[in-house]
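Structure first, commentary second.
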Amino acid sequence: MCGIIGIVSHQPVAQIIYDGLLVLQHRGQDSAGIVVCNDDKLKLRKGNGQVSDVFHTRHMRDLVGNMGIGHVRYPTAGCSSSAEAQPFYVNSPYGITLAHNGNLTNVDKLKAELYESDLRHINTQSDSEVLLNVLAHELQVSGSLSLTAEEIFRAVSETHRRIEGAYAVVAMITGKGIIGFRDPAGIRPVVYGKRATGSDTEYMVASESVALQTSGFELIGDLKPGEAIFIDVDGNMHTKQCAAASSLSPCIFEYVYLARPDSIIDDIYVYKARLRMGIKLGRKIIREMPKHDIDVVIPIPDTSRPSAMELAYHLGVKFREGFIKNRYIGRTFIMPGQKMRKRSVRRKLNPIDIEFKGKNVLLVDDSIVRGTTSQQIIQMAREAGANKVYIASAAPPVRYPNVYGIDMPAAEELVAHERSEAEIAGFIGADRLFYQDLEDLIDAVQKGNRSIKEFDCSCFNGKYVTQTVDDDYLAKVRNIRNDSSKQGDDDGTVIGMELHNNA
């Protein structure tokens, strides 16, 4: 899960990209980067940390250009190092920079092809660098200095043919324009929009609609699965379906947790989907515990709040804010390494004792992944004086690895792996646990757009929509991406030197 953004304008774009990345910060806290193009010259700034840490006034002054791309990173492939901060750059052909959200599932095969057939060297462990070099090779095949939209779309078509997995991409070709494209299953989101500035029109491509909205861009729509967009330096927009076969299967976890509630993804309002999750979950609790003794419903901030509000309403009990969140602590789910996540929970949340003391409390979370965070929060509720602590998850049990760009790589690290719901409740210390049914989750999201017939629910049901995910692949992913292999985990620091082209 990362955030991407690309803009073509007739005025400097660095500040717009910066503002957009701030809005997309929830999609990645590990590193950030912006590259702009001005008169065929590139200016790049990237490094470890959040957007406000990486970019200072002196950097923004130097990022002068009328088109550019930006990225916020959350590492699932490679390591937590600024050497893997994006955008990536390759000088041949044309000078191409690329930012990527997702994960390629045939990266080993691609690396071999790039070295043996394309004669290209890969310098990091990032699959995004692999993707960039595949695209660069296919663009080089055209051998054209002018590089028409059709030649670009042909290169994207060949890139689709070679790569597999989940990917939402923005790439900038120096002096030519910006490309955006989405995988043939539409697993990861990409939207695009426009903004009129006098007689000119600016275009933006981004991970979520909220990045467009906050900068005054009008949402045109989502890129369709396998579709590509090319916006040339003169501001002309071209789109084309570039995948041989496509079928929309967006990641359902975007609606559960990843996306901001004020975003619209594939014509589904994320906030409304989360409200409907609460309704479904409330009905299930009433079925299973018709004479419940719940005194108060308390959300675990922030993502679960819409679901918790609707759940409380349908249970007919009070909704209260029981935890105060420290806004200066990032999202614990996307911190690299379990030790860092664990240390951050109590620094991030502080209970309001009066809302717990002597009460039977139902805590509501968007999902329960590793279980260690839930364990600590339930303990905090008991220390605050709760009589009973129930917990409800707006998502079903997470039992399987996610290989499409979400940090759920090793099944053994998932609390629901080979455990019953009663065993999970015991492990996290809850008096009772309620999970959303998968059918109810799908219906809650699908109600926003009935034309979507399938979602990627692989972390819940183990069914992967791409063809290269088998037991051997899952074993390899488990070995290279589990918590014990993450760098910088011992002391909670991030390893790697800052990397930038402008001081």
Side-chain angles (χ1 to χ4, degrees), residues 2-25 27-73 81-91 94-101 126 128-129 132 169-180 192-195 197 200-208 210-212 214-217 231-235 496-503:
C2 298
I4 60 172
I5 189 168
I7 302 175
V8 176
S9 177
H10 293 277
Q11 59 183 339
V13 298
Q15 187 63 50
I16 307 173
I17 296 174
Y18 177 91
D19 294 342
L21 291 182
L22 283 177
V23 174
L24 297 176
Q25 186 73 85
R27 301 190 69 86
Q29 301 168 179
D30 185 66
S31 65
I34 295 174
V35 60
V36 297
C37 180
N38 183 40
D39 294 332
D40 295 342
K41 299 295 183 183
L42 298 179
K43 293 284 187 176
L44 169 67
R45 168 74 184 178
K46 61 179 181 177
N48 272 19
Q50 298 187 21
V51 176
S52 57
D53 300 320
V54 175
F55 301 100
H56 302 148
T57 302
R58 66 184 185 276
H59 307 128
M60 298 302 294
R61 286 174 179 162
D62 199 39
L63 290 170
V64 178
N66 292 352
M67 70 174 180
I69 63 175
H71 186 265
V72 287
R73 180 175 187 253
S81 165
S82 61
E84 298 192 358
Q86 297 182 39
F88 281 116
Y89 168 74
V90 65
N91 70 340
Y94 312 111
I96 305 170
T97 50
L98 178 142
H100 164 223
N101 172 32
S126 174
S128 302
E129 189 190 10
L132 168 60
V169 177
V170 288
M172 180 168 65
I173 307 174
T174 305
K176 308 293 184 185
I178 283 179
I179 313 167
Y192 64 103
K194 63 181 180 179
R195 181 175 74 172
T197 54
D200 299 319
T201 301
E202 301 171 311
Y203 289 94
M204 180 189 291
V205 180
S207 291
E208 295 184 34
V210 67
L212 279 67
T214 56
S215 292
F217 282 74
I231 306 155
D232 65 31
V233 290
D234 296 320
M497 296 176 60
E498 188 177 38
L499 215 131
H500 56 273
N501 288 84
N502 50 309

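Here the structure is a predicted model, which means the values were calculated and not measured.
When all heavy atoms of G70 and L21 are compared, the pair lying nearest together is C-CD2, 3.8 Å. Residue D53 comes nearest to H56 through the heavy atom pair O-NE2, 3.1 Å, listed as atom of the first residue, atom of the second, then distance. Residues A206 and L212 come closest through the heavy atom pair CB-CD1, 3.7 Å. Of all the heavy atoms in M204 and I7, the pair that sits closest is CE-CD1, 3.6 Å. Considering all non-hydrogen atoms of both residues, G177 and V233 come closest at N-CG1, 3.8 Å. The minimum heavy-atom distance between C37 and G175, with the atom names listed, is SG-N, 3.6 Å.
Interatomic distance, I96 CD1 to L132 CG, rounded to the nearest 0.5 Å: 6.5 Å. Separating the OG1 atom in T201 from the CZ atom in R195 is a distance of 11.0 Å, to the nearest 0.5 Å. To the nearest 0.5 Å, atoms CG (D30) and SG (C2) are separated by 9.0 Å. Separation of atoms CG (D19) and CD1 (I5) is listed at 8.5 Å; rounding is to 0.5 Å. Here the CD1-CG distance, from I17 to L24, works out to 11.5 Å after rounding to the nearest 0.5 Å. Annotation: the span from S31 atom OG to K46 atom NZ amounts to 8.5 Å, rounded to 0.5 Å.
Between R73 and the choices Q86, E84, H100, the side-chain hydrogen bond (donor to acceptor under 3.5 Å, both in side chains) rule is met once, by E84.
Side-chain atoms of M172 and L42, non-hydrogen and from C-beta on, do get closer than 4.5 Å to each other. Using a 4.5 Å cut-off on side-chain heavy atoms (C-beta onward), T214 and L22 make no contact. F55 places a side-chain heavy atom less than 4.5 Å from the side chain of I34.
In this structure, S215 contributes its side chain and F217 its backbone to no donor-acceptor pair below 3.5 Å. Between the side chain of S207 and the main chain of I4, a donor-acceptor pair closer than 3.5 Å is present. Looking at N38, its side chain never comes within 3.5 Å of a backbone N or O of G65 through a donor-acceptor pair. When atom types are taken as modelled, the side chain of D232 and the backbone of D234 share a donor-acceptor pair closer than 3.5 angstrom. Counting only distance, with no hydrogens or angles, the side chain of R45 and the backbone of M60 share no donor-acceptor pair below 3.5 Å. For T174 (side chain) and G95 (main-chain N/O), a donor-acceptor pair under 3.5 Å exists by modelled atom type.
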Carefully, step by step, assess L44 and T97 under the rule side-chain contact (heavy atoms from CB on, under 4.5 Å). CA-CA 10 Å; L44 169 67; T97 50; over 6 Å; no
